[in-house]
Amino acid sequence: DTEVTQTPKHLVMGMTNKKSLKCEQHMGHRAMYWYKQKAKKPPELMFVYSYEKLSINESVPSRFSPECPNSSLLNLHLHALQPEDSALYLCASSQEFGVEKLFFGSGTQLSVL
Amino acid sequence: AQKVTQAQTEISVVEKEDVTLDCVYETRDTTYYLFWYKQPPSGELVFLIRRNSFDEQNEISGRYSWNFQKSTSSFNFTITASQVVDSAVYFCALSEEGGSQGNLIFGKGTKLSVKP
């Protein structure tokens, strides 16, 4: 199984809602990532977990809250988002944290109204 | 400072044409890694290749080939005999071993459209 699975594929939420994005991999990878991608732009790194510990937080606003319950799962909790947070949110994993190749999920397309 | 430049925003070719996607990078590190990823309309980025800074050998994988030249800080990607399924956005990316610890610096991407 060489897949990174993200749910939901699409999400529409209001600015007062609380929602969560989920990501799962069963490749035994120890590093997991959240990226944000605006239309026609490259992905931007948000968070990195290595061995279930947060290793990198790229100065992301606190309305985004990551969680890594175990080595296979990665969540991104969303609260009080702004319309400018609308984007494609991509999860990725790699064998280890470093310069490994990344395996990406197909993303969650988020719209904040 | 690290930087990746993909000067071609969009390229359109007809099936079976060869096409080269350009990538120029900037880094002060002597040890670094270069990547190409493909992003089809379905959204997920698909890893194509990783090269380290000490390996300047060109690589060929089927219809894909990569030309790494440190002298010009370029890592160009050529698709031979393009097919409609090659239509996607292609990102070149840089990662420095010492500094950014796995944080990929992406170029802005080149959108390739292959028409039948």
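Quantities reported herein were computed from a predicted structural model and do not represent experimental measurements. Chain letters run A, B, ... following the sequence lines, proteins first and then strands; every chain starts at 1.
In this structure, the separation between OG on B/Ser42 and NZ on A/Lys9 is 9.0 Å, given to the nearest 0.5 Å. Of the inter-residue distances, the one linking A/Glu3 atom CD with B/Glu44 atom CD reads 9.0 Å to the nearest 0.5 angstrom. Atoms CD1 and CD, on B/Ile105 and A/Glu44 in that order, are 10.5 Å from each other to the nearest 0.5 Å. Going from atom CG of A/Leu102 over to atom CZ of B/Arg50 covers 10.5 Å, rounded to the nearest 0.5 Å. A/Lys101 NZ to B/Tyr37 OH: the interatomic distance, rounded to the nearest 0.5 Å, is 8.0 Å.
Under a cut-off of 6.0 angstrom, the local environment of NZ in A/Lys38 is crowded, with over 12 non-hydrogen atoms contributed by other residues, nucleotides or ligands. Heavy atoms from other residues, nucleotides or ligands lying under 6.0 Å from CD of B/Gln57 number 12 at most. Heavy-atom neighbours of A/Lys41 NZ from other residues, nucleotides or ligands within 6.0 Å: at or below the threshold of 12.
No continuous path of ILVMFWY side-chain contacts below 4.5 Å connects A/Tyr89 to A/Val4, so the two sit in separate hydrophobic clusters. In the hydrophobic clustering of this structure, A/Leu81 does not group with A/Leu90; members are Ile, Leu, Val, Met, Phe, Trp, Tyr whose side-chain heavy atoms approach within less than 4.5 Å, directly or through other members. Hydrophobic clustering (ILVMFWY, side-chain heavy atoms < 4.5 Å, transitive): B/Phe47 and B/Tyr33 are in one cluster. No single ILVMFWY cluster, assembled from side-chain heavy atoms under 4.5 Å apart, contains both A/Leu54 and A/Tyr33. Put simply, A/Met15 and A/Leu76 are part of the same group of oily side chains (I, L, V, M, F, W, Y) that touch within less than 4.5 Å, one to the next.
The stretch residues 106-116 of chain B places B/Phe106, B/Gly107, B/Lys108 near chain A, each with some heavy atom under 4.5 Å from a heavy atom of that chain. Listed by sequence position, A/Phe104, A/Gly105, A/Ser106 are the residues of residues 104-113 of chain A in contact with chain B, using a 4.5 angstrom heavy-atom cutoff.
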Q. Under the side-chain contact (heavy atoms from CB on, under 4.5 Å) criterion, do A/Tyr35 and B/Leu104 qualify, and how do the steps go?
A. CA-CA 11 Å; A/Tyr35 280 84; B/Leu104 285 174; 4.1 Å; yes
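Listed by first and then second residue, the disulfide (SG to SG under 2.5 Å) pairs that reach into residues 38-71 of chain A come to none, sequence neighbours excluded.
Checked against salt bridge (charged side-chain N to carboxylate O under 4.0 Å, His left out), B/Glu17 has no partners two or more places apart in sequence or in another chain.
Contacts of A/Gln6 with chain B are absent, with no heavy-atom separation under 4.5 Å from either backbone or side chain.
Heavy-atom minimum distance, A/Pro42 versus B/Phe91: CA-CE2, 3.5 Å. Closest non-hydrogen pair, A/Leu88 versus B/Gly43, comes out as CD2-O, 4.2 Å.
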